[in-house]
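Structure first, then comments.
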Amino acid sequence: MSQAIEVVPTGAALGAEVRGVDLRLLDEAAFEAIHRAWLDHAVLLFRGQALSDDDLIAFSRRFGELDWAPVQENGRRFVEGKPEIYIVSNVLGPDGQPIGSLGAGEAVWHTDMSYLPMPPKASLLYAREIPPQGGDTHFASMYAAYDLLPEALKARCAGLMVKHDGTYNSGGFLRAGVTPTDDPRDAPGHLHPLVCRHPETGRRMLYLGRRRLAYIAGLPLEESEALLDALWSCATRPEICWTNRWRVGDLVLWDNRCTMHRRDPFDPAARRIMHRTQVKGAAPPAA
Ligand code: SIN
């Protein structure tokens with residue numbers, strides 16, 4: 001029998017909690033309802049889940065083929081035999097090496113892996129251990145960011161491409177194998193349209209990626225910086241954001257095409273362990 005799924009919107013510009021569901025036991029009708037809710041609300045929260053890595057991978061695969069996780073800052077893979085699993089954690093393993101990435105500091109606003117030509121369309125983050133305070137994750141709607149732009153700024157963005165930097169991850173750590181530069185024009189990364197059209201909802205959205213070392217192709221550097229500053233001041237306004245205050249057993253699924261997220265810092269002496277998967281996406285289409 002299909003589970004009686006309840007979708008409760010957060011009341012913010014994005015996000016909904018999905019109640020009455022055990023993600024290990026989904027039939028097709030329940031999955032369809034979740035998929036619809038994900039497109040409608042961009043971020044979904046499922047509380048009280050009990051997921052092994054295999055369960056997380058199995059649920060994630062219902063959205064499509066999975067990406068392999070990027071390697072850790074120290075070049076190692078996270079979970080032997082499960083290349084789809086990325087661990088976000090500050091915890092050290094028995095060998096004294098971090099078991100995950102991003103440490104305990106702030107993870108700045110970003111879209112996952114958008115420095116690649118085909119960034120993931122979905123990310124799924126499951127809370128195994130959380131600190132008593134801090135480590136909250138904030139999400140911003142890039143549909144709302146676009147809608148909020150003054151008309152003159154919308155017109156200014158038309159046809160422009162922005163470079164999404166691949167030098168640093170959101171925790172500020174240098175990615176494995178990259179030589180850093182301070183000049184955004186020389187930084188590694190990929191150019192995407194500044195304004196994209198969501199391939200499934202058809203809605204226009206701002207596609208910024210991350211601020212550090214971003215560059216708008218073809219503009220003098222000062223002009224690129226000024227335009228990016230103007231766009232970023234709209235893109236992270238509190239009225240287009242929603243925050244998850246994590247509990248153990250939370251699974252958060254976000255549409256990585258039309259959202260950005262950031263994480264608050266927390267006490268480095270506390271433990272935070274999150275397991276993440278990502279669903280393969282396509283090149284973001286220009287609006
Ligand atoms: C991430 O940026 O993907 C991780 C967010 C978090 O740790 O809450």
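Residue numbers count from 1 along this sequence. Numbering of ligands and ligand atoms starts at 1, following listing order.
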* Hey, mind stepping through Glu225 and Arg211 against salt bridge (Lys or Arg N to Asp or Glu O under 4.0 Å) and telling me if it holds? -> CA-CA 9 Å; Glu225 291 288 308; Arg211 178 64 185 89; 2.9 Å; yes

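- Checked against a 6.0 Å centroid threshold, the rings of Tyr207 and His164 count as neighbours.
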Quick check for students: name every N or O atom pair between ligand 1 and the protein closer than 3.5 Å, with distances.
unit_1   : atom_1 : unit_2 : atom_2 : d
ligand 1 : 2 (O)  : His110 : NE2    : 3.0
ligand 1 : 2 (O)  : His261 : NE2    : 3.1
ligand 1 : 3 (O)  : His261 : NE2    : 3.3
ligand 1 : 3 (O)  : Arg276 : NH1    : 3.1
ligand 1 : 7 (O)  : Arg272 : NH1    : 2.8
ligand 1 : 7 (O)  : Arg272 : NH2    : 3.4
ligand 1 : 8 (O)  : Thr137 : OG1    : 2.5
ligand 1 : 8 (O)  : Arg272 : NH2    : 2.8

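- A salt bridge between Asp53 and Arg128 is present, with a side-chain N of the basic residue lying under 4.0 Å from a carboxylate O of the acidic one.
- Residues His261 and His110 bring their aromatic ring centres within 6.0 Å.
- Remark: His41 engages no residue in a ring-ring contact (aromatic ring centres under 6.0 Å, His included) (not counting sequence neighbours).
- Looking at heavy atoms from C-beta onward, Cys258 lies out of side-chain contact with Arg203 at the 4.5 angstrom threshold.
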